[in-house]
Amino acid sequence: MKILYLSYDGITDQLGQSQVLPYLTGLSDRGHHIHLISCEKPGRFEKFRNTIESLIKKTKITWHPLTYHKSPPVLSTIIDINQIHKKAFALQKQFQFDIVHCRSYITPFIGLAMKKKFGVKFIFDMRGFYADERVDGKIWNLKNPLFANIYRYFKKKEKEFLINADHIVSLTYTAEKILQNFKLNGENKLPITVIPCCADLNLFNFNNYNDETKSVVRKNLNINSDAFVLTYLGAIGTWYMLDEMIDFFANLISEKKDAVFLFITNESPELINQHASQKNISLSQLRIVSAQRNEVPQYLSVTDVSVFFIVPTFSKKASSPTKQGELMGMGIPIICNAGVGDTDYIVNQTNCGFVLNNFEKSDFEKAAKQIDAIKNLDKEKIREGAQQFYSLEKGVEKYDEIYKAIGKN
């Protein structure tokens with residue numbers, strides 16, 4: 001198939017490198033010719049352009065990077081929609097694509113317009129409940145008439161995208177159930193395939209690291225060979241509950257006095273240190289490292305247990321944390337909370353960790369008292385769970401099936 005793939009996220013962003021490019025590379029290997037339009041942040045584009053170009057050099061992917069505009073609010077998004085629209089229509093006239101694959105909620109404005117004008121098949125790859133996420137994350141305050149109108153507009157467009165899409169991709173079965181209950185398509189089911197945020201399980205594989213390499217990592221991080229390591233992987237911000245994770249660590253110290261809390265993140269160490277100090281956590285028990293994607297597994301290799309707590313709002317029912325598949329691929333047990341996408345279901349189904357239903361001190365104490373049992377869960381079985389739910393190959397196969405199914409109609 002000839003595919004036009006539209007991503008508002010930059011491919012030079014870490015998200016683009018982990019959740020766009022690996023799928024497209026796999027689909028290219030299956031014979032699809034892909035033209036990729038993305039909006040790139042200038043700083044990251046300058047830094048990583050050559051890296052991306054080298055990765056796609058031998059594929060059937062043609063990259064058309066555009067500049068991402070951050071400000072002014074709202075107007076900058078309109079500017080970006082217009083430039084994607086102009087580029088996409090010009091490419092369509094040149095290449096006559098079979099399918100326009102639209103990631104998240106900004107690019108479907110262009111995808112639906114292309115379907116109506118050119119008859120191109122339109123895939124709405126949702127990635128979550130965008131408008132509700134902006135409200136739940138306190139980015140759009142509905143008491144402000146401007147944001148209230150924007151929210152209503154996006155919910156109206158969401159319905160239009162869902163009804164008109166030739167196929168819909170949801171990250172979670174929880175979200176699929178919610179969408180099907182909307183009855184947007186009368187009594188007929190919406191054409192939805194669930195594909196979570198998959199992981200490169202060749203990269204995230206604990207078998208790549210032996211005791212010697214792990215010993216070197218511990219030494220470089222100044223972590224004793226017998227110290228217990230709790231790890232948090234990823235960004236810290238709107239959705240990730242830093243205070244609650246530090247509260248859990250405080251309870252863990254009562255069971256493991258020499259425990260170290262390792263943060264693998266590109267966020268500011270000052271922010272983490274400030275929150276830890278407010279909770280009377282000694283900074284000597286924290287390690288904070290910034291890592292490129294290919295460096296992350298080596299740091300994860302010294303982890304005993306990983307933790308992530310995510311605000312359990314309505315919009316998060318459609319979320320699939322990228323970190324979950326990566327951690328499971330490394331055979332790392334997880335402590336997380338319920339109410340976020342399919343996360344708790346997968347943890348319980350694969351017996352790969354512990355799920356908290358609340359964030360009370362008693363919940364933290366209960367998990368901390370079971371920490372040795374959690375730590376000793378079978379690494380190979382945890383990895384098998386990752387292969388069952390988060391295999392990149394299975395994700396690529398599902399996208400390939402979607403392309404072939406709607407491309408024939």
For A227 and D304, which heavy atoms make the closest approach, and how far apart are they? O-OD2, 3.8 Å

Pair K60-D29, salt bridge (charged side-chain N to carboxylate O under 4.0 Å, His left out): steps then yes or no: CA-CA 8 Å; K60 295 187 174 92; D29 290 343; over 6 Å; no

Start with the C-alpha gap between I332 and F206, add the side-chain angles, then the distance that decides, and say whether side-chain contact (heavy atoms from CB on, under 4.5 Å) holds. CA-CA 9 Å; I332 297 171; F206 69 85; over 6 Å; no

When you measure from the side chain of E158 to the backbone of A131, do you find a donor-acceptor pair of N or O atoms at a distance under 3.5 Å? no

List the steps and the verdict of ring-ring contact (aromatic ring centres under 6.0 Å, His included) for F308 and Y240. CA-CA 7 Å; F308 61 84; Y240 293 99; 7.3 Å; no

What do the steps show when you test F228 against V260 for side-chain contact (heavy atoms from CB on, under 4.5 Å), and what is the final call? CA-CA 6 Å; F228 184 95; V260 170; over 6 Å; no

Between A276 and I246, the two heavy atoms sitting closest are N-CD1, 3.7 Å

Candidate pair H32 and D400, rule side-chain hydrogen bond (donor to acceptor under 3.5 Å, both in side chains), full reasoning: CA-CA 9 Å; H32 300 291; D400 183 47; 2.6 Å; yes

Non-hydrogen atoms of A386 and G329 that approach each other most closely: CB-N, 3.6 Å

Give a yes or no on whether a salt bridge exists between K157 and E160, defined as a side-chain N under 4.0 angstrom from a carboxylate O. yes

Between F129 and F314, is the gap from one ring center to the other below 6.0 Å? yes

Would you check, one step at a time, whether the test side-chain hydrogen bond (donor to acceptor under 3.5 Å, both in side chains) holds for T172 with T174? CA-CA 5 Å; T172 72; T174 304; 4.6 Å; no

Which residue is it: Y8, Y151, Y153, F124? I am looking for the one with a ring-ring contact (aromatic ring centres under 6.0 Å, His included) to Y105. F124

Within 45 degrees of the axis of the six-membered ring of F122 and under 6.0 Å from its centre: does K115 put its NZ or CZ there? no

From CA spacing to verdict: side-chain hydrogen bond (donor to acceptor under 3.5 Å, both in side chains), Q17, T12: CA-CA 6 Å; Q17 291 181 49; T12 53; over 6 Å; no

Looking only at side-chain N and O atoms, does E360 offer a donor or acceptor that is under 3.5 Å from a partner on S362? no

Got a second to check how far S301's OG is from M330's CE, nearest 0.5 Å? 5.5 Å

Run F109 and F154 through ring-ring contact (aromatic ring centres under 6.0 Å, His included) and show every step you take. CA-CA 10 Å; F109 285 89; F154 267 93; 5.7 Å; yes

For the residue pair K279 and F249, would you count it as a cation-pi contact if the rule is NZ or CZ under 6.0 angstrom from the ring centre and within 45 degrees of the ring axis? no

Quick check on the 6.0 Å ring-centre criterion: do H35 and Y5 meet it? no

Under 6.0 Å between ring centres, would you say that holds for Y403 and H101? yes

Under 3.5 Å: donor-acceptor pair, side chain of D136, backbone of E133: no

Verify whether one side chain among S54 and K57 offers a donor that lies under 3.5 Å from an acceptor in the other. no

Of R44, R127, R103, the one forming a salt bridge (Lys or Arg N to Asp or Glu O under 4.0 Å) with D9 is R103

side-chain contact (heavy atoms from CB on, under 4.5 Å) between T231 and L300: does it pass, once the steps are laid out? CA-CA 8 Å; T231 296; L300 287 177; 4.0 Å; yes

Assess the residue pair T322 and E326 against the criterion (side-chain contact (heavy atoms from CB on, under 4.5 Å)); give the C-alpha distance rounded to whole Å, side-chain angles, the decisive distance to 0.1 Å, and a yes or no. CA-CA 7 Å; T322 304; E326 295 172 347; 3.6 Å; yes

Ring centre gap for F354 and F248 strictly below 6.0 Å: no

Aromatic contact, F359 with F309 (centres under 6.0 Å): yes

Sidechain-backbone polar pair: E176 side chain, V194 backbone, donor-acceptor under 3.5 Å: no

For the backbone of P269 and the side chain of N273, can you confirm whether one donor and one acceptor N or O come within less than 3.5 Å of each other? yes

Closest heavy-atom contact between I11 and E40? N-OE2, 2.7 Å

Quick check on side chain to side chain donor-acceptor pair (under 3.5 Å): which of N208, N207, T213 does N210 satisfy it with? T213

Within 45° of the six-membered ring axis of Y68 and under 6.0 Å from that ring's centre, is NZ or CZ of K41 located there? yes

Quick check: are there more than 12 heavy atoms from other residues, nucleotides or ligands sitting under 6.0 Å from NZ of K177? no

Decide side-chain hydrogen bond (donor to acceptor under 3.5 Å, both in side chains) for N224 and D226; before the verdict, give the C-alpha distance in whole Å, the side-chain angles of both, and the deciding distance to 0.1 Å. CA-CA 6 Å; N224 291 336; D226 57 349; 4.7 Å; no

